[in-house]
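For reference, the structure is listed below as structure tokens.
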Number of protein chains: 2
Amino acid sequence: MREFRIGIAGLGTVAQGVLGIIAKNGSEIAHRSGVELVVGRIASRSAKPEVDLLGAEFSTNLDDLLQDESLDVLLELIGGEDVAHDFIRKALDLGRPVVTANKAVVAAHGDQLFGANQPVSLRFEAAVAGAIPVIQAIRESLVANRFEHVVGIINGTCNYILTAMRDEGRSFEDALSTAQELGYAEADPTFDVGGIDAAHKLTILLALAFDASFDFSSVHVEGITGITAEDISYADELGYRIKHVGIARRTDKGLEARAHPALIPEDQLLANVNGVLNAVLVKTDAAGNTLFSGPGAGSWATGSAVLADVVATCQEPDAGVRQNSRSDVQRPAILPVEETTCAHYLRIPTRDEPGVFASVAETLSNHGISIEAAIQKQPATTQDIVSIVIVTQPVLESEAAAAVREVEQLDQVVGQVARIRIETL
Amino acid sequence: MREFRIGIAGLGTVAQGVLGIIAKNGSEIAHRSGVELVVGRIASRSAKPEVDLLGAEFSTNLDDLLQDESLDVLLELIGGEDVAHDFIRKALDLGRPVVTANKAVVAAHGDQLFGANQPVSLRFEAAVAGAIPVIQAIRESLVANRFEHVVGIINGTCNYILTAMRDEGRSFEDALSTAQELGYAEADPTFDVGGIDAAHKLTILLALAFDASFDFSSVHVEGITGITAEDISYADELGYRIKHVGIARRTDKGLEARAHPALIPEDQLLANVNGVLNAVLVKTDAAGNTLFSGPGAGSWATGSAVLADVVATCQEPDAGVRQNSRSDVQRPAILPVEETTCAHYLRIPTRDEPGVFASVAETLSNHGISIEAAIQKQPATTQDIVSIVIVTQPVLESEAAAAVREVEQLDQVVGQVARIRIETL
């Protein structure tokens, strides 16, 4: 049987998943694909850990991988941005096919990496939504489709926290510390709860579905740190779940690209994707709504996606670069977030005085904002603070923002208005 | 740009979807894939309909397609079994790559069609779950995984009917006639509501996930005609949804392969796949639980899957036959349904007399069946018939069947016991 020799850069959780899967399922993979995967060499800048390297050579110098010409494919599983980018760039320049799980590098440098003169493949299925084959679905399974939108729950940390807040009535801080204890959130969680990680992945989905540039800086990013248990409870009452989503959408005015919390109708399948699970909903003209769900992270789940790319590379070492490999194409423009249109959930803390709802409604009306639904309850405490909750009709982002600023200036309004977009899908 | 010439056999809804998509998205497909799809020839045994054939030659003789050597791929979209099988066989014998949407032919003749001497590809993504790329997911995306089970809602007609029965409290007959009016069910619905169509698709999923034979006759098949509104309502009360599913599962004793109605816990994503939608849940060792959902039928949705296969064929005309192409492999055995183990839902119609629950419980206990949950309500009518509803612990199929037969013989039991398997996934 033909051998296919793998070189691995990095020896963290994903690399260990790859090694674990090959050790367990290597013969099954060989039976199915007709090739025997051999790990020829591993390089990691830190010392060799207590991991079965399956007989591979080990060194702490990444260049050793680049110089080992017996390797058929190089796996970039270093993580981070600069060193990983440098390694991928050098490998491709040497004509070596690469598989990476690195969303940050693809999101930031995709346009250069997939440049027109790229003769070998760079695959990155594991970079978005872990084990879920959404990259392949968009590029291959839906190749005959025109895309309308891609909406994904693509950060497991956010989804775990929001699920725990709803199911257990916990605060953001409380849910975050449990996520950290369980290993679902980093010690510094900013990257996840701030929405950056989701925005990286969205950049990739956007580029693939709409032939757009890999332009991370054009994605509007918000995290979930401002979401309160109260918002989740009101959303429930209104028939929604709050999820952190990445949204890429074609509109008449241009492409929308945003990562932020959103209210999703509870009868949508996407609204019922809970815990650390990820899911991506794709709407296209021919296939309609397709949804792909599964583990978005984890050693073996991510390793599964990496190895799918390895087998694909073995079968087509010069492919996987077709899309986004043309420099002669006019890329569609990404719309500034101010020009996007959404319905909104507003939670307005007010003093419990007569006429306050009328004042709020008038202010919204002055900005052309219609009210679709509203909740106003008696104050639960003796502080006489009452929340007015309003669901608006769709409204231009800039108008929504201006209206909220004005509402916050009203005498009876005490403190900041919570504003969360609604995505009816 | 390179041309890729398509020949189409059959001109029904799927073929019309393929033509519609090429007309609308042909240039986008060309941009992405680097090939221009040209429909060179269409043959259909019935007269030419009022459809834009995109300039293709038309004839009523299928042999014209086989003889036209300008065609790069042949699409079998005839439907049915014998003529379609004959066409595919002849095309492959002539060394022509084929794409088909025909689940019945693949399920019945897969072993021969994918025989070891097959030099060209036969692709069939559209044969299972329409637009959902589950074939590609199993064969490529999850190539590094060992499969534990595949559970699919793979018949849209059944899912529409069961959803309507639950959401609108309708009877099976009533929901079926609406399905027929809406075009979701055939005039003769036996094939769908009897479970045959789902069993065809399950045969294919089983063969791919477990390297099993394409052995339709070994799949245990039950339909949904016996499901009542009462069962759906009791299932709801117990925290389940009733879905018609195809199940392929690896056990220590062998493979399970069955298509039948089942109670699915309501918090499972699969339980929330409603209406005509299909979904396939795949559990594997590395990727964990992944779920793929979308339209399982329809002209354009199925056409989307066919065209994904066409583009894949263009890029790898001799591939797509790797798996299941080896005759030297020991295929795993399929377990007779009597040897499978499931928890059960039992609805037992009884006279409202003292001691009836004790008699039922004793009978079950004599067969080693433990009760997990039970509901017994006052009779709603003056007929003094009361339903005892029982959820059992997992039990061997043959024991469950024997126990039910014995329960039906009890003096206080009036009529048939409804028995539905429970899949906790």
Side-chain angles (χ1 to χ4, degrees), chain A residues 17-18 20-22 24-26 28-29 31-34 37 125 130-133 136-137 139-146 211 267 269 272-274 277 279 282 284-295 298 300-301 303-308 310-312 315-316 319 322-323 326 329, chain B residues 17-18 20-22 24-26 28-29 31-34 37 125 130-133 136-137 139-146 211 267 269 272-274 277 279 282 284-295 298 300-301 303-308 310-312 315-316 319 322-323 326 329:
Chain A
V18 167
I21 296 172
I22 292 176
K24 177 168 186 275
N25 296 344
E28 217 152 333
I29 298 170
H31 162 59
R32 291 181 188 148
S33 64
L37 301 183
E125 182 64 71
I132 311 172
Q136 186 172 39
R139 298 176 70 150
E140 299 180 22
S141 309
L142 298 170
V143 66
N145 288 257
R146 185 174 168 87
D211 287 327
D267 59 356
L269 212 50
N272 295 286
V273 173
N274 291 321
L277 282 184
V282 180
T284 66
D285 59 350
N289 280 307
T290 46
L291 179 136
F292 308 87
S293 160
W300 280 52
S304 165
V306 169
L307 283 169
V310 167
V311 171
Q315 286 158 359
E316 286 192 277
R322 289 182 194 97
Q323 208 171 343
R326 296 176 56 184
V329 172
Chain B
V18 167
I21 296 171
I22 293 176
K24 179 168 185 277
N25 296 344
E28 218 153 331
I29 298 170
H31 162 58
R32 291 181 189 148
S33 63
L37 301 183
E125 182 64 72
I132 310 172
Q136 187 172 39
R139 296 176 69 152
E140 299 180 22
S141 309
L142 298 170
V143 66
N145 287 258
R146 183 173 168 88
D211 288 326
D267 59 356
L269 213 50
N272 294 286
V273 173
N274 291 320
L277 282 184
V282 180
T284 66
D285 59 351
N289 280 306
T290 46
L291 179 135
F292 308 87
S293 158
W300 280 52
S304 165
V306 168
L307 284 170
V310 167
V311 171
Q315 287 159 359
E316 285 193 278
R322 289 184 193 92
Q323 206 170 345
R326 296 176 53 183
V329 173

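These figures come from a predicted structure and were not determined experimentally. Just so we're on the same page: letters track the sequence lines, and every chain starts at 1. Scope of the values below: all heavy atoms of this structure, side chains included, with no hydrogens, waters or symmetry mates.
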Practice problem: May I ask you to name which of A137(A), A287(A), G26(A), G130(A) has the most heavy-atom pairs under 4.5 Å with chain B? | Solution: A287(A)
Quiz item: Roughly how far, to the nearest 0.5 Å, is the CD atom of E140(B) from the CD atom of Q136(A)?
Solution: 5.0 Å
Quiz item: What part of V306(B) gets closer than 4.5 Å to chain A, counting heavy atoms only: side chain, backbone, both or neither?
Solution: neither
Quiz item: Hey, what do you get for NZ (K24(B)) to CD1 (I29(B)), rounding to the nearest 0.5 Å?
Solution: 10.5 Å
Quiz item: Cut-off 3.5 Å, side chains only: do Q315(A) and E316(B) have a donor facing an acceptor?
Solution: no
Quiz prompt | Best-contacting candidate, A312(A), G288(A), G294(A), S293(A), against chain B by heavy atom pairs under 4.5 angstrom | solution = S293(A)
Quiz item: Rounded to the nearest 0.5 Å, what separation is found between the CG atom of L307(B) and the CG atom of L37(B)?
Solution: 6.5 Å
Quiz prompt | Least distance between heavy atoms, W300(A) atom then G17(A) atom | solution = CD1-CA, 4.0 Å
Quiz prompt | Reported CD1-to-CG distance for the pair I132(A) and L277(A), which is rounded to 0.5 angstrom | solution = 7.5 Å
Self-check item: chain A contact via L142(B) - which portion, at a heavy-atom distance below 4.5 Å
Solution: both
Self-check item: Heavy-atom pairs under 4.5 Å with chain A, option from A308(B), G303(B), A305(B), S141(B) with the top count
Solution: S141(B)
Practice problem: Output the option from T290(B), L291(B), N272(B) having the highest count of non-hydrogen pairs under 4.5 Å with chain A. | Solution: L291(B)
Practice problem: Below 4.5 Å from any heavy atom of chain A, which atoms of L269(B) appear? Answer side chain, backbone, both or neither. | Solution: both
Quiz item: Of the backbone (N, CA, C, O) and the side chain (C-beta and beyond), which part of D285(B) lies under 4.5 Å from a heavy atom of chain A, both, or neither?
Solution: both
Quiz item: Who are the side chain to side chain donor-acceptor pair (under 3.5 Å) partners of N289(A), not counting sequence neighbours?
Solution: none
Exercise. Could you tell me which residues satisfy side chain to side chain donor-acceptor pair (under 3.5 Å) with T284(A), sequence neighbours excluded, listed by chain and number?
Key: N145(A)
Practice problem: Against chain A, label E125(B) side chain, backbone, both or neither, depending on which of its atoms sit under 4.5 Å from a heavy atom there. | Solution: neither
Quiz item: Which atoms of V311(B) come close to chain A, meaning under 4.5 Å heavy atom to heavy atom: side chain ones, backbone ones, both, or neither?
Solution: side chain
Quiz item: Under a 4.5 Å heavy-atom cutoff, which of A131(B), A286(B), G20(B) has the most pairs with chain A?
Solution: A286(B)
